[in-house]
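Note on naming: letters A, B, ... go to the chains in the order of the sequence lines (proteins, then strands), and numbering restarts at 1 for each one. Side-chain atoms are counted along with the backbone in the values below, which use heavy atoms only and exclude waters and symmetry mates. Bear in mind the structure is a predicted one, so any value in this text is a computation, not a measurement.
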Protein chains: 2
Amino acid sequence: MKKQRHSIKDIASALNVSVTTVSFIINGKAKEKRISEKVTKKVLAYIDEINYKPNQLAQSLRTGQSKIIVFMVEDISNYFFARLARIIEDIAYEKGYKVLFCSNDNEDKKSEELIALFKDRQVDGYIIIPSSGIKGTIKNLLDENIPLILFDRYFEDLPTNYVVIDNEEATLNATNHLIENKFKNIAFVTTDVEQTQMLSRLSGYKKAVGQKQLHEIVLKIPYNAKPVNRKAIIKDFIINNPEVDAVFFATNYLTQDGISVIKEGFPSLLSKLGIITFDDNTLYEIFTPSISAVAQPLEEICGTLMSMMLKLLKKKEDQKVEKVVLNAKLLVRESSLPK
Amino acid sequence: MKKQRHSIKDIASALNVSVTTVSFIINGKAKEKRISEKVTKKVLAYIDEINYKPNQLAQSLRTGQSKIIVFMVEDISNYFFARLARIIEDIAYEKGYKVLFCSNDNEDKKSEELIALFKDRQVDGYIIIPSSGIKGTIKNLLDENIPLILFDRYFEDLPTNYVVIDNEEATLNATNHLIENKFKNIAFVTTDVEQTQMLSRLSGYKKAVGQKQLHEIVLKIPYNAKPVNRKAIIKDFIINNPEVDAVFFATNYLTQDGISVIKEGFPSLLSKLGIITFDDNTLYEIFTPSISAVAQPLEEICGTLMSMMLKLLKKKEDQKVEKVVLNAKLLVRESSLPK
DNA sequence: CTGAAAGCGCTAACAA
DNA sequence: TTGTTAGCGCTTTCAG
């Protein structure tokens, strides 16, 4: 009762036709190659009967197409990336592609190793959140004309396809929202990495407070600091800046650190401070207070990424570079209301 | 400046040796096949020089090994699964395997489609959280002697490798913890699906309350209910069971629904009710109150899964079925302390 | 110790 | 309209 794999040759010999005929029929080229209806039907019926499935591997070897795309993010266990991954997965499978997910931890070395690994595997396309130092590797992919889309951030001076959100606009709006709600001393907690998206977020904040002539109160936390250290830094910051009445966390893990510090060290602040975070999480909705968040349009991002990718996958030539900028949405919850 | 792919043949002809020799050397069989040191070195040096990487696809076609394993969960965007995925990813890549993640939404049809898809791709092994109706499909894989490990849940009467946690023990302990903290009317909110893990959780709860002669107060929510409906059901439940002083949520999305309902409809309850949830989330720690949780040992689960998988991948014959049961850990936080 | 050659399953140019 | 055949790049048996 072992299920045995059938090959195209088996089919051909069983039906007394040639493998070519079978191959054409399987690949839907029956019409084009003008194979008789009768033969086509016979072959199709037989294929169905024995439940034949072409060996993808052989197909890939022959065509050079693996029907696999890579989706590389910082950390797949991070809520934001996991959500994206799920949506990408659904679209890809529907289109006959499989997705290899991987995490680069925002490290150049890891990113490069992973990309090298995938190149040996003839992956068809890459959707990547680049770590900051892999411009060279990305450029190589580009030079080799491999379908590639960056997202979340990109390299200013490299003509790549990318999908990002308007980070500056998003923080500008969110900061203005805080200002409208009468917060006067709004702190902005971010990291010290020079990633385009983080820089834009910072500049949106600066623009907003600048326009209203408020103080800039910025805390840059070293990217490589461990959670404990990050928390210590935030704690000091709170102690040293008692005038702060609202905090804008520029990315989700900083929000976690921040709330944790406040909860442990200054519990009364939790209801007094204005809080906004970048990137939503379903749990923020049921926090006490519920946390206002700048939410990236996940579906839209993934939809755009995949439709661009599929386009790239189709015709390899004369592609124009596409740069897409989407808008984030401010979800106003309790934490940013006037106190 | 195009990077061209080198083949084993190129190497052979460039060095005036045969492809066989090169192949043997590449595969570390130089010694075994007693190829001269000199040739070996020469080949190795050249390979290094041109940065040759074997074509995995061709290798796979020939050997039947794709070096890819499948990791199928309910929903990769779910915190628990995303965390697992990340750990699995790290181990797999280190061992030279790549991981295809996918989500079956706990649907049989989807699971079956996915498995069929992967079989055409000669995936080397499967790590699966099975949806309840795919026993047949799983059995097929088993019959074909394909490396397979189930986890989170399994089929009682199918001799498969699996890794699960002791769900009954975990809820028993956690319920006892509530009882020790003087909660008298502990409700257990679960789903109506007959999955082994959910049933065990329920029975652990029942055992605990039974031993102390407390009332069983169980709410089973239809698995397919939409969030809105789940919330409505929970709301009714709270209204109709005013005596309840503690709630044990059997899985993480129910916790979210539950807290959401409490927050919206009965905010004062949030600090009065004892709460425990199954499956941890980093954010529970910074909730107000922080939420006590039964945490599954993620690292241990993944470590076990992968070491079992690697063992299966190595020697295909005479494998004993391995059943591993690990222990969960109760993380006591504010929500389950005496009120 | 090394090489020739078959063949994994499929596609597609070329023949018939 | 259909068949023959040459590979894709690699592994491995068998023969030197």
Rounded interatomic separation in angstrom, taking [atom1] from [X] and [atom2] from [N]:
{"X": "A/Lys53", "N": "C/dC10", "atom1": "NZ", "atom2": "P", "value": "13 Å"}
{"X": "B/Leu61", "N": "C/dA6", "atom1": "CG", "atom2": "P", "value": "17 Å"}
{"X": "B/Asn55", "N": "C/dC8", "atom1": "CG", "atom2": "P", "value": "18 Å"}
{"X": "B/Arg62", "N": "C/dA6", "atom1": "CZ", "atom2": "C1'", "value": "8 Å"}
{"X": "B/Ile8", "N": "C/dA5", "atom1": "CD1", "atom2": "C1'", "value": "14 Å"}
{"X": "A/Lys67", "N": "C/dC10", "atom1": "NZ", "atom2": "C1'", "value": "15 Å"}

Review point. For residues 19-59 of chain B, which residue pairs qualify under ring pair (Phe, Tyr, Trp, His ring centres under 6.0 Å), counting only residues two or more places apart or in two chains?
Key: none
Practice item. Any pair with a residue in residues 122-153 of chain B that passes ring pair (Phe, Tyr, Trp, His ring centres under 6.0 Å), sequence neighbours left out, goes on the list, sorted by first then second residue, please. Key: B/Phe71-B/Phe151
Study note, to complete from the structure: So the contacted stretch of DNA chain D, first to last nucleotide with an atom under 4.0 Å from a non-hydrogen atom of chain B, runs from D/dC8 to D/dT13
Exercise for review: Mind checking B/Lys31 for me? I need base, sugar-phosphate or nothing, with any heavy atom below 4.0 Å counting as a touch.
Suggested key: nothing
Practice item. Under 4.0 Å between any heavy atoms, over every strand shown, what does B/Lys29 touch: base, sugar-phosphate, or nothing? Just pick one. Key: sugar-phosphate
Review point. Using rotation axes that map the C1' atoms of four end pairs onto the next four (five pairs an end), what angle separates the end axes of the helix from C/dC1-D/dG16 to C/dA16-D/dT1, to 10°?
Key: 50°
Review point. With sequence neighbours excluded, what pairs up with A/Phe118 under the ring-ring contact (aromatic ring centres under 6.0 Å, His included) test?
Key: none
Check your understanding: Which residues satisfy the salt bridge (charged side-chain N to carboxylate O under 4.0 Å, His left out) test with B/Glu112, sequence neighbours excluded?
Key -> none
List the residues meeting side chain to side chain donor-acceptor pair (under 3.5 Å) with [X], not counting sequence neighbours, and say none if there are none.
{"X": "B/Glu113", "value": "B/Lys109"}
{"X": "A/Glu300", "value": "none"}
{"X": "A/Ser60", "value": "none"}

Exercise for review: Give every residue pair that meets the salt bridge (Lys or Arg N to Asp or Glu O under 4.0 Å) criterion with at least one member in residues 47-71 of chain B, sequence neighbours excluded.
Suggested key: none
**Study point:** Where at least one partner belongs to residues 70-79 of chain A, residue pairs that pass salt bridge (Lys or Arg N to Asp or Glu O under 4.0 Å), sequence neighbours excluded
**Key:** A/Glu74-A/Arg153, A/Asp75-B/Arg86
Review point. Considering only heavy atoms, which members of residues 18-28 of chain A lie under 4.0 Å from some atom of DNA chain D?
Key: A/Ser18, A/Val19, A/Thr20, A/Thr21
Review point. Which residue, A/Thr137, A/Asn106, A/Asn104, A/Asp108, forms the side chain to side chain donor-acceptor pair (under 3.5 Å) with A/Ser131?
Key: A/Asp108
Review point. With nearest nucleotides of DNA chain C determined for B/Ile35 and B/Thr63 from heavy-atom distances, which residue corresponds to the more 5′ nucleotide?
Key: B/Ile35
Check your understanding: Which sits closer to the 5' end of DNA chain C, A/Tyr52 or B/Val39, going by the nucleotide each is nearest to?
Key -> B/Val39
Check your understanding: Under 4.0 Å: is that the gap between some side-chain N or O of A/Ser7 and OP1 or OP2 of C/dC8?
Key -> no
**Study point:** Smallest separation among heavy atoms of A/Leu100 and B/Val99, with atom names
**Key:** CD2-O, 3.2 Å
